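Just so you know, ligand 1 is whichever comes first in the structure, and atom 1 is the first atom listed for that ligand. These values consider heavy atoms only, across backbone and side chains, with no hydrogens, waters or symmetry-generated copies. Predicted, not measured: the structure shown is a model, and the values here were computed from it.
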Amino acid sequence: MKIVGVSLFVTRLPLVHGFETSSHRKSHLDHILVRFTDESGAEGWGEIASATDPFYSSETVDTALLIAKKYIVPAVIGHEWETPAELATTWARVRGHEFAKAGFDMAAWSLYTSSRGESLSAALGGTRTEVAAGVSLGIEASIDALLVEVGRHVDAGYRRVKLKIKPGWDVEPVRAVRAAFPQQDLHVDANGIYADTEETTALMRKLDEYALSMIEQPYGPRDFVAHSRLQQVLETPICLDEGVVDLDDIGTMVALGAGRILNIKVSRMGGLTTAVAAHDLAREAGIPVWCGGMHEFGIGRAANVALSSLPGFSYPSDVSASEKYYEKDVIEPPVTAENGMVQVPHGAGLGFTVLPDWIAENTISTEHFTSTKQHGDRA
Ligand code: OSB
Ligand code: MG
């Protein structure tokens with residue numbers, strides 16, 4: 001297989017409901033869609049779901065575009081490959097930039113599976129026909145507003161509700177939501193905002209009283225030692241997100257006991273190839289996993305659904321219906337959740353159709369590269 005054309009579409013969508021985390025608030029997202037074309041004219045699609053600002057990871061939309069154009073596109077165009085893992089070796093010497101790599105890895109899996117007439121889920125080793133959907137709820141202006149949001153999503157059937165927390169918005173909202181929804185599978189995500197102090201330890205132990213299924217990334221991404229210390233005095237499992245960007249990090253997490261659950265994100269780990277390897281490694285180590293999200297548009301969302309069908313994904317994933325975030329998605333049909341379950345498509349490739357009209361309407365800028373030109377030239 002050989003890629004003869006790559007197109008990068010910087011696309012923008014407004015969020016139907018503004019989203020606030022411990023670091024910032026957003027009302028729209030810019031994601032880069034990656035389109036591969038092979039010699040036969042077949043297409044593969046990927047999504048670079050990087051945030052605009054470097055507050056979740058160090059990457060941004062601008063850095064992803066730069067790395068893609070300067071290093072990844074020239075490496076993949078014209079290269080002969082049989083499997084996505086093989087194509088991924090072409091950009092392996094680029095350190096970091098996992099979000100940028102993930103978009104290309106996803107496009108390779110999409111092209112590979114659609115060419116073989118195989119579903120993405122089956123090719124990745126998926127065993128589930130439907131996956132449990134959790135929902136991630138941002139910080140709201142008031143506890144009443146949060147209770148309304150939780151109620152809407154519990155009524156919609158979501159199997160797990162995650163609440164974003166930060167200092168000053170932690171024990172109170174958790175207490176209120178737990179009181180209103182005593183049986184709900186509930187967890188919290190701090191996005192690494194807490195300082196490793198005795199005060200934080202006391203606060204986390206307070207959260208232990210609310211039967212949360214996990215506390216996601218309380219401390220900074222590199223601080224495995226602080227997570228390990230905290231886990232030893234907590235009943236509630238700690239789940240790592242930002243801290244785990246490669247397979248070595250899983251080794252560190254396990255060796256130090258820095259958490260008992262792992263959030264695997266396709267984007268954060270550099271693509272589906274690494275995400276599957278992370279799943280296998282966590283499984284061997286007895287660490288249950290779930291699939292996290294980056295508010296993906298439909299292409300990235302389809303990849304998340306397929307990944308979540310692997311057997312080790314035993315907690316509900318952040319695979320909400322497209323409509324939770326966007327009015328009109330890039331794929332047809334949109335991802336839907338019925339009674340909190342998302343069906344895993346069995347059609348070839350991503351299992352969804354990418355809509356050219358949507359791309360025409362929502363693209364801010366486009367760059368095309370072909371193998372007939374010097375690598376990296378604009379078409
Ligand atoms: O920490 O899981 C996170 C969104 C953007 C950045 C970080 C995170 C999130 C989410 C959204 O929680 C999950 C989703 O895509 O549904
Ligand atoms: Mg998280």
Inset, instruction - Give the single entry among K265, K26, E242 that approaches atom 7 (C) of ligand 1 most closely by any heavy atom. - result: K265
Legend entry - Closest candidate by heavy atom, reference atom 15 (O) of ligand 1, pool E296, H295, R268: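 Nearest heavy atom to atom 15 (O) of ligand 1 lies in H295.
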Inset, instruction - Keeping the roles fixed (side chain from R160, backbone from P316), state whether a donor-acceptor pair exists under 3.5 Å. - result: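 Judged by distance alone, yes, a pair lies under 3.5 Å.
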Tell me, which protein residue and heavy-atom name are nearest [atom], and how many Å apart are they?
atom	answer
atom 14 (C) of ligand 1	Y325 OH, 3.4 Å
atom 1 (O) of ligand 1	N191 ND2, 2.8 Å
atom 13 (C) of ligand 1	D318 OD2, 3.4 Å

Legend entry - Ring-ring centroid check H279 W290, cutoff 6.0 Å: no
Inset, instruction - Could you tell me whether ligand 1 has any atom less than 4.0 Å away from a heavy atom of K164? - result: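 Contact present.
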Inset, instruction - Please state which part of D189 comes within less than 4.0 Å of ligand 1, counting heavy atoms only: side chain, backbone, both or neither. - result: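 The answer is the side chain.
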Inset, instruction - Of the side chain and backbone of T21, name the one, both, or neither that has a heavy atom under 4.0 Å from an atom of ligand 1. - result: neither
Legend entry - For the Mg ion (ligand 2): the N/O/S atom of D189 at shortest distance: OD2
Legend entry - side-chain contact (heavy atoms from CB on, under 4.5 Å) partner of M269, the single match among V276, D249, V245, V244: V244
Legend entry - Donor-acceptor pair between S7 and H368 side chains, under 3.5 angstrom: yes
Inset, instruction - Work out the angle at the Mg ion (ligand 2) between OD2 of D241 and OE2 of E216, rounded to 10°. - result: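 Here the angle at the metal atom is close to 90°, to 10°.
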Legend entry - Gap between atom CG of L87 and atom OG1 of T273 - 0.5 Å precision: 9.0 Å
Legend entry - Which of the ligand 1 atoms, numbered from 1, are nearer than 4.0 Å to a heavy atom of S136: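 Reading through ligand 1 atom by atom, the close ones are 10 (C), 11 (C), 12 (O), 13 (C).
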Legend entry - D241 neighbourhood, listing ligand 1 atoms whose heavy-atom distance to it stays under 4.0 Å: 1 (O), 2 (O), 3 (C)
Legend entry - Candidate list Q217, K166, K164, test side-chain hydrogen bond (donor to acceptor under 3.5 Å, both in side chains), partner D189, passing option: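 Of all the options given, the one that passes is K164.
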Inset, instruction - Could you tell me whether K324 and D318 make a salt bridge, using a distance below 4.0 angstrom between a side-chain N and a carboxylate O? - result: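 No, no charged N to carboxylate O under 4.0 Å.
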Inset, instruction - Verify the neighbour count for atom CD of E209: are there more than 12 heavy atoms of other residues, nucleotides or ligands below 6.0 Å? - result: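 Above 12, so yes.
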